[in-house]
Amino acid sequence: MTLKRDEYPAGDPARMQDALEQLKTDREINEFIRQNCTDAPSLSSMINSWLADGRTTIAELMRRSRINRNYGYNIINGKRVNPSRDKVLALCIAACLSVGETQETLAAAKAGELYFRSERDVRIAGALNNKVGDVLKVNIMLAEQGLEPLE
């Protein structure tokens with residue numbers, strides 16, 4: 001028995017656990033994957049959509065994120081597929097994304113989403129909401145609060 005995507009709520013880990021425990025044969029596993037697993041956009045494609053939408057330019061993104069230019073270009077071009085969570089957050093701040101867009105970007109990068117019980121993450125969310133747009137300003141704010149700056 002294979003549950004389809006609409007037969008379980010995404011936020012219900014118990015039902016998801018049940019569904020995964022029922023997978024026995026290769027056929028069932030392949031069918032489950034076909035019905036439920038979609039390819040999420042890559043971090044590179046998300047950043048390129050910000051650039052295409054005119055949200056920012058590559059030069060502005062690199063300057064405001066404070067990421068080494070070569071490293072940043074490798075992220076944008078998809079050559080660096082697993083940047084650190086802080087690098088992804090820096091890009092999101094530099095692009096003036098909303099908290100929701102940042103969560104989606106962190107998910108695409110397979111990095112931990114902003115967590116509401118983390119003071120650092122809550123302060124970063126506040127900076128995103130206020131469209132600070134410059135990692136240096138965010139790092140100063142974090143340091144003033146005795147929190148780790150973005151790397």
Side-chain angles (χ1 to χ4, degrees), residues 3-21 23 29 32-33 35-151:
L3 290 177
K4 294 182 182 174
R5 181 186 305 269
D6 57 353
E7 292 178 303
Y8 59 86
D12 187 347
R15 291 212 48 210
M16 176 59 84
Q17 179 76 22
D18 290 343
L20 292 174
E21 287 175 354
L23 300 175
I29 292 168
F32 185 87
I33 290 169
Q35 291 177 358
N36 298 289
C37 299
T38 58
D39 290 331
S42 69
L43 177 60
S44 173
S45 68
M46 292 183 87
I47 294 170
N48 281 297
S49 73
W50 309 337
L51 297 170
D53 291 348
R55 280 183 191 233
T56 189
T57 64
I58 293 175
E60 278 295 299
L61 195 61
M62 294 301 102
R63 186 181 65 75
R64 295 190 322 213
S65 70
R66 310 292 173 168
I67 293 176
N68 172 286
R69 190 173 51 177
N70 289 335
Y71 188 91
Y73 281 116
N74 285 336
I75 294 171
I76 292 168
N77 294 330
K79 292 178 183 171
R80 171 70 70 168
V81 293
N82 293 319
S84 72
R85 181 177 188 263
D86 279 2
K87 297 290 187 218
V88 176
L89 284 169
L91 291 167
C92 293
I93 290 165
C96 295
L97 298 188
S98 69
V99 171
E101 292 168 321
T102 299
Q103 296 288 54
E104 290 174 12
T105 304
L106 287 165
K110 296 175 180 61
E113 294 182 356
L114 293 171
Y115 184 57
F116 75 97
R117 292 190 186 262
S118 163
E119 180 182 353
R120 181 177 185 255
D121 283 2
V122 171
R123 293 197 182 276
I124 291 169
L128 289 163
N129 288 334
N130 290 313
K131 306 287 185 207
V132 171
D134 190 327
V135 170
L136 180 60
K137 292 178 183 177
V138 173
N139 280 343
I140 290 169
M141 177 269 303
L142 291 170
E144 287 172 350
Q145 298 301 318
L147 301 167
E148 276 296 309
L150 293 166
E151 51 177 67

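The shown structure was predicted, so the numbers you read here are calculated from the model rather than taken from an experiment. In what follows, every heavy atom counts, from backbone to side chain, and hydrogens, waters and symmetry copies are set aside.
Heavy-atom minimum distance, C96 versus G133: SG-CA, 3.7 Å. The shortest heavy-atom contact between L128 and V99 is CB-CG2, 4.1 Å.
With hydrogens and angles left out, the side-chain atoms of S42 and S45 include a donor and acceptor closer than 3.5 Å. Checked by atom type, the side-chain pair S98/E101 shows a donor-acceptor distance below 3.5 Å.
By the 4.5 Å heavy-atom criterion applied to side chains, V88 and T105 are counted as neighbours. Between S65 and K87 there is no side-chain heavy-atom pair separated by less than 4.5 Å. Side-chain contact check for I75 versus L91: some heavy-atom pair is nearer than 4.5 Å. Inter-residue side-chain proximity for E151 and S84 is flagged as met; some heavy-atom pair is nearer than 4.5 Å. In this structure, R66 and V138 have side chains that are not in contact, with every pair of non-hydrogen atoms separated by 4.5 Å or more. Residues L97 and R55 form a side-chain contact, since some pair of their non-hydrogen atoms from C-beta on lies under 4.5 Å apart. Between P83 and L43, the closest side-chain pair of non-hydrogen atoms falls below 4.5 Å. Two residues are said to be in side-chain contact when any heavy atoms from C-beta on lie closer than 4.5 Å; T56 and R64 meet this criterion.
Put simply, the side chain of N74 never gets that close to the backbone of R80: no donor and acceptor are under 3.5 Å apart. A distance-only check finds a donor-acceptor pair linking the side chain of N48 to the backbone of I76 [under 3.5 Å]. Judged by distance alone, the side chain of N77 and the main-chain N or O of K79 form no donor-acceptor pair under 3.5 Å.
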With a cut-off of 3.5 Å and sequence neighbours excluded, list every side-chain donor-acceptor pair involving residues 108-120.
unit_1: S118; atom_1: OG; unit_2: D121; atom_2: N; d: 3.2
unit_1: E119; atom_1: OE2; unit_2: R123; atom_2: NE; d: 3.1
unit_1: E119; atom_1: OE2; unit_2: R123; atom_2: NH2; d: 3.3
unit_1: R120; atom_1: NE; unit_2: E148; atom_2: O; d: 2.7
unit_1: R120; atom_1: NH1; unit_2: D86; atom_2: OD1; d: 3.3
unit_1: R120; atom_1: NH2; unit_2: D86; atom_2: OD1; d: 3.1
unit_1: R120; atom_1: NH2; unit_2: D86; atom_2: OD2; d: 3.0
unit_1: R120; atom_1: NH2; unit_2: P149; atom_2: O; d: 3.3

